[in-house]
Amino acid sequence: MGNKPTKTEIRRIAGAIKRSKKKVIHLDALSRLTGLYPDVLGEKLREFEPMILLDDSINCRDILPRLEEYLEAPSENVKRKPAANKTPAVRKKDLAGYSSIADFVYKKMTSVGGLVDTSARLSDEDLALLKRLIENEQKARKKGKGK
């Protein structure tokens with residue numbers, strides 16, 4: 001029974017207690033407010049009040065300060081994911097500038113004489129655009145092949 005309740009569950013329970021105008025809220029009444037079965041709700045609140053499942057006379061409003069304290073405390077096992085590298089958006093007007101993959105290569109990767117420049121570096125935006133042009137070409141080929 002070492003399962004800790006999540007902050008979302010506790011936030012839902014604390015919100016139901018705060019919204020209620022009753023001075024005394026027993027587990028059964030809180031169960032109706034939250035939509036959780038009394039046993040399930042009692043298991044979640046057991047960390048804050050160990051006797052909640054055994055004693056029907058416990059006022060859940062008395063547990064509210066401990067619930068709020070739990071919500072304010074920083075989570076110990078929450079690991080933030082590093083921000084993913086966002087690929088730049090490719091718009092139709094960007095695609096309209098190129099009639100085909102060859103046109104893109106000619107405009108972006110050739111030198112003045114028309115030779116392909118092997119030292120040309122494409123930006124992330126250019127790579128996303130090229131990828132989209134390739135996908136469009138593949139779609140067109142599949143469409144033509146199916147007929």
Side-chain angles (χ1 to χ4, degrees), residues 1-23 25-50 52-53 59-147:
M1 312 284 176
N3 297 342
K4 281 192 166 189
T6 63
K7 286 196 174 195
T8 305
E9 294 167 339
I10 297 302
R11 205 173 288 122
R12 178 179 175 188
I13 294 167
I17 294 172
K18 288 177 188 176
R19 281 190 306 274
S20 176
K21 295 181 181 180
K22 296 181 180 179
K23 288 184 180 180
I25 304 172
H26 296 293
L27 187 62
D28 290 333
L30 185 58
S31 169
R32 286 189 293 277
L33 291 172
T34 59
L36 298 171
Y37 288 111
D39 296 337
V40 174
L41 186 60
E43 284 296 322
K44 294 185 185 313
L45 294 177
R46 208 160 110 198
E47 184 175 325
F48 306 100
E49 179 61 52
I52 196 152
L53 287 172
N59 184 1
C60 292
R61 193 171 288 283
D62 296 339
I63 304 172
L64 187 60
R66 286 179 260 169
L67 295 177
E68 290 174 340
E69 182 180 309
Y70 177 77
L71 290 172
E72 290 173 4
S75 296
E76 56 205 38
N77 59 355
V78 172
K79 296 178 184 173
R80 303 249 176 195
K81 294 181 182 177
N85 294 335
K86 292 187 177 184
T87 56
V90 177
R91 294 175 181 80
K92 286 185 179 180
K93 70 176 187 177
D94 298 334
L95 288 174
Y98 306 101
S99 60
S100 65
I101 299 169
D103 186 36
F104 176 85
V105 171
Y106 181 78
K107 289 180 179 177
K108 290 284 185 175
M109 300 180 69
T110 56
S111 60
V112 178
L115 298 173
V116 175
D117 184 10
T118 56
S119 65
R121 295 304 236 175
L122 295 176
S123 65
D124 290 342
E125 293 83 15
D126 291 338
L127 289 174
L129 188 62
L130 180 60
K131 181 179 176 184
R132 186 75 172 273
L133 285 168
I134 291 170
E135 289 170 353
N136 289 348
E137 178 74 24
Q138 287 174 335
K139 286 178 188 176
R141 286 184 183 185
K142 282 183 182 178
K143 198 175 200 180
K145 200 179 215 183
K147 289 183 180 179

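Atoms considered below: every heavy atom in the structure, side chains included; atoms not considered: hydrogens, waters and symmetry mates.
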Are Glu9 and Arg12 ion-paired here, with the side-chain N under 4.0 Å from a carboxylate O?
-> no

Output for pair (Leu30 CG, Arg61 CZ), nearest 0.5 Å, gives 10.0 Å

Report the distance from atom CD1 of Ile52 to atom NZ of Lys44, rounding to the nearest 0.5 Å.
-> 13.0 Å

When you look at NZ of Lys93, are more than 12 heavy atoms from neighbouring residues, nucleotides or ligands closer to it than 6.0 Å?
-> no

Taken in chain and number order and not counting sequence neighbours, the residues that satisfy salt bridge (Lys or Arg N to Asp or Glu O under 4.0 Å) with Asp28 are none

Indicate yes or no for a side-chain donor-acceptor contact from Tyr70 to the backbone of Pro5 under 3.5 Å, with no hydrogens or angles considered.
-> yes

Lys107 (side chain) donor-acceptor with Gly97 (main chain) under 3.5 angstrom | yes

With side chains defined as the heavy atoms from C-beta onward, is the minimum distance between Lys7 and Leu71 less than 4.5 Å?
-> yes

Is a side-chain N or O of Ser31 found less than 3.5 angstrom from the main chain of Leu36, in a donor-acceptor match?
-> yes

First locate atom CD1 of Ile10, then atom CG of Leu64, and finally report the distance between them rounded to the nearest 0.5 Å.
-> 11.0 Å

Heavy atoms only: give me the nearest Ala16-Thr34 pair and the separation to one decimal.
-> CB-CG2, 3.6 Å

Output the distance between atom CG (Leu27) and atom CZ (Arg32), rounded to the nearest 0.5 Å.
-> 10.0 Å

Report yes or no: does Asn59 contribute a side-chain atom to a donor-acceptor pair with the main-chain N or O of Ile25 at less than 3.5 Å?
-> yes

Stepwise side chain to side chain contact (heavy atoms under 4.5 Å, CB included) check, Ile63 with Ile17 = CA-CA 10 Å; Ile63 304 172; Ile17 294 172; 5.7 Å; no

Separation between CG (Leu45) and CD1 (Ile13), nearest 0.5 Å, reads 4.5 Å

Side chains of Glu49 and Cys60: does their closest heavy-atom pair fall under 4.5 Å?
-> no

From Lys22 atom NZ to Leu33 atom CG, the distance as rounded to the nearest 0.5 Å | 6.5 Å

Does anything in residues 126-137 pair up under side chain to side chain donor-acceptor pair (under 3.5 Å), and if so which pairs, sequence neighbours excluded?
-> Lys108-Asp126, Ser123-Asp126, Glu137-Arg141

